[in-house]
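Data first, discussion second: the structure below is written as structure tokens.
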Amino acid sequence: MKIGFIGLGNMGRPMAENLADAGHEVQAFDVAGVGSDKLEEAGSAADAARGAEVVVTMLPSGAILRDVAAEIIPAMDEGAVLLDCSTVDVESARAVAEDAKAAGLLALDAPVSGGTGGARAGTLTFMVGGDADGFAKAKPLFDVMGQKAVHCGGSGNGQAAKICNNMILGITMIGTCEAFALADKLGLDRQAMFDVVSTSSGYSWSMNVYCPAPGIGPDSPADHDYQPGFAAELMLKDLRLAQQAAEAADADTPLGLAARDLYADFVEREDGASKDFSAMLPRFETRGR
Ligand code: NAD
């Protein structure tokens, strides 16, 4: 396929390179330069989009996505797919999809989980909102860039799935970290705590797969001085998007709100910036009630 790819950052570049390695022709654009000999560099976002069957965007925010979409939608061929893989607010995803559909395009919001490791290995999970025919057209690309693509319904539902998942993740990580810190103070050995909880009703991905305690459970960022992994800043971004959506939808999410405020303190007022989101454990460890 002829593919346009816009936003070649930590995630976008390996995703685009995997598409090129699979034999697709990729025209790429990034304001900071493309920096890959596997990709053909376009002079602008519109140039990257022109003539492409699918245009993938992998951008930092909803505001930037809206700007880029306004530039590329008029340049795209009728029937082409605008496939946004960025994590953005539900409202921006739906607004961009509406503009794309009005111009005769197919539109998908398809945020990912799996991080930069998953982007490089081609093992991302895509959560996809949009029409079934757009999903079918993009499916071969999901198969190259990821291991799983779940069609979640209409436009914006991919973003909705992503922020609901990450709201659960933020809350369970905080719960796991505060429970370890409490266990320490009660004199309970961390390995014993892991052995019990990982096989009891308190188990979760945060405990079992990504344990925040160094030396316990499978290898995780805790075993590498909390180098991300999934950076606390990115968790904060997703928790903010969840609260923005909850406010717009009038949903009561008290723990999501508390998780957002804790990660905001950690990243913006303490020393959490640039650490993995599981570094909440050393934070709780050093605090008293
Ligand atoms: P990044 O900051 O590394 O990359 C974003 C890229 O977009 C940059 O290279 C930037 O120059 C480019 N860009 C900005 N404005 C542009 C414009 N107007 N036109 C063209 N290019 C422009 O971010 P990332 O880590 O690659 O993340 C991309 C998206 O994926 C974000 O929405 C993020 O929330 C999401 N995400 C990231 C991860 C992760 O682990 N990094 C995991 C899941 C989802």
Side-chain angles (χ1 to χ4, degrees), residues 4-18 26-36 39 41-49 52 55-73 75 82-93 96 108-128 142 145-149 156 158-167 169-170 210 220-221 226-242 244-245 263 267 273-278:
F5 207 114
I6 300 163
L8 286 297
N10 294 320
M11 296 291 290
R13 182 176 302 130
M15 290 165 72
E17 288 181 341
N18 283 339
V26 184
Q27 311 169 146
F29 176 74
D30 190 299
V31 282
V34 165
S36 168
L39 309 170
E41 181 152 6
S44 67
D47 284 347
V55 177
V56 186
T57 47
M58 195 52 171
L59 296 163
S61 71
I64 293 174
L65 171 67
R66 285 180 193 244
D67 285 350
V68 169
E71 185 187 338
I72 63 177
I73 287 172
L82 175 51
L83 171 57
D84 177 46
C85 297
S86 328
T87 303
V88 302
D89 56 291
V90 175
E91 216 176 312
S92 294
V96 164
L108 298 172
D109 53 289
V112 302
S113 77
T116 50
R120 279 192 298 273
T123 55
L124 295 169
T125 294
F126 291 86
M127 297 150 248
V128 190
F142 294 140
M145 297 186 286
Q147 60 183 358
K148 191 169 183 189
Q159 299 296 346
K162 164 92 188 179
I163 57 176
C164 288
N165 180 73
N166 281 16
M167 189 172 81
L169 176 61
Y210 205 87
S220 71
Y226 296 99
Q227 294 305 307
F230 184 44
E233 288 99 309
L234 287 174
M235 174 50 83
L236 175 59
K237 171 188 172 178
D238 293 353
L239 289 169
R240 284 188 164 139
L241 291 175
Q244 192 181 334
Y263 274 103
V267 168
S274 83
K275 288 190 179 151
D276 188 74
F277 84 117
S278 61

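The structure presented is a predicted model; accordingly, all values stated were derived computationally and were not measured. Both ligands and their constituent atoms are indexed starting at 1 by order of listing. Heavy atoms only: backbone and side chains are in, while hydrogens, waters and symmetry mates are out.
Atom 23 (O) of ligand 1 lies below 4.0 Å from none of the non-hydrogen atoms of the protein. Within a 4.0 Å radius of atom 2 (O) of ligand 1, the protein contributes no non-hydrogen atoms.
Across every non-hydrogen atom of Gly7 and Leu59, the tightest pair is CA-CD2, 4.0 Å. The minimum heavy-atom distance between Asn166 and Leu239, with the atom names listed, is O-CD2, 4.2 Å. Annotation for Gly229 and Tyr210: closest pair CA-OH, 3.5 Å, computed over non-hydrogen atoms. In this structure, Ile73 and Val96 approach most closely via the heavy-atom pair CD1-O, 4.2 Å. Closest heavy-atom contact between Val26 and Ala16: CG2-O, 4.0 Å. Considering every non-hydrogen atom in both Ala119 and Met15, the closest pair reads CB-CG, 4.0 Å.
The nearest protein atom to atom 40 (O) of ligand 1, hydrogens excluded, is given as Gly115 CA, 3.5 Å; this is a heavy-atom distance. Scanning the protein heavy atoms around atom 27 (O) of ligand 1, the nearest turns out to be Met11 CG, 3.8 Å. Distance from atom 35 (C) of ligand 1 to its nearest protein heavy atom, with residue and atom name: Thr87 OG1, 3.6 Å. Protein heavy atom at the shortest distance from atom 4 (O) of ligand 1 is Gly9 CA, 3.2 Å. The nearest heavy-atom contact from the protein to atom 31 (C) of ligand 1 is Leu59 O, 3.3 Å. At the shortest separation from atom 15 (N) of ligand 1 among protein heavy atoms lies Ile64 CG2, 3.5 Å. Of all protein heavy atoms, the one closest to atom 18 (N) of ligand 1 is Val68 CG2, 3.6 Å. When hydrogens are left out, the protein atom nearest atom 30 (O) of ligand 1 is Met58 CE, 3.1 Å; that is the closest non-hydrogen contact.
For the atom pair CZ (Phe277) and CG (Leu236), the distance works out to 13.0 Å, reported to the nearest 0.5 Å.
The closest side-chain heavy-atom distance from Asp84 to Gln159 is below 4.5 Å. Residues Ile72 and Thr57 meet the side-chain proximity criterion, which asks for heavy atoms closer than 4.5 Å.
Under a 4.0 Å criterion applied to the non-hydrogen atoms of Lys237, ligand 1 contributes the atoms 31 (C), 32 (O), 33 (C), 34 (O). Here is the list of ligand 1 atoms found below 4.0 Å of a heavy atom in Ser86: 32 (O).
Ligand 1 is approached by Lys162 to a heavy-atom distance shorter than 4.0 Å. Using 4.0 Å as the threshold, Asp67 has no heavy atom nearer than that to any atom of ligand 1. Look at Pro60 and you'll find a heavy atom under 4.0 Å from some atom of ligand 1.
Of the candidates Val34, Asp30, Val31, it is Val31 that places a heavy atom closest to atom 16 (C) of ligand 1. Among Asn10, Ile6, Leu234, the residue whose heavy atom sits closest to atom 41 (N) of ligand 1 is Leu234.
A donor-acceptor pair under 3.5 Å is formed between the side chain of Asp109 and the backbone N or O of Gly158.
For Glu233, the CD atom counts as densely surrounded, since its 6.0 Å shell holds more than 12 non-hydrogen atoms of other residues, nucleotides or ligands.
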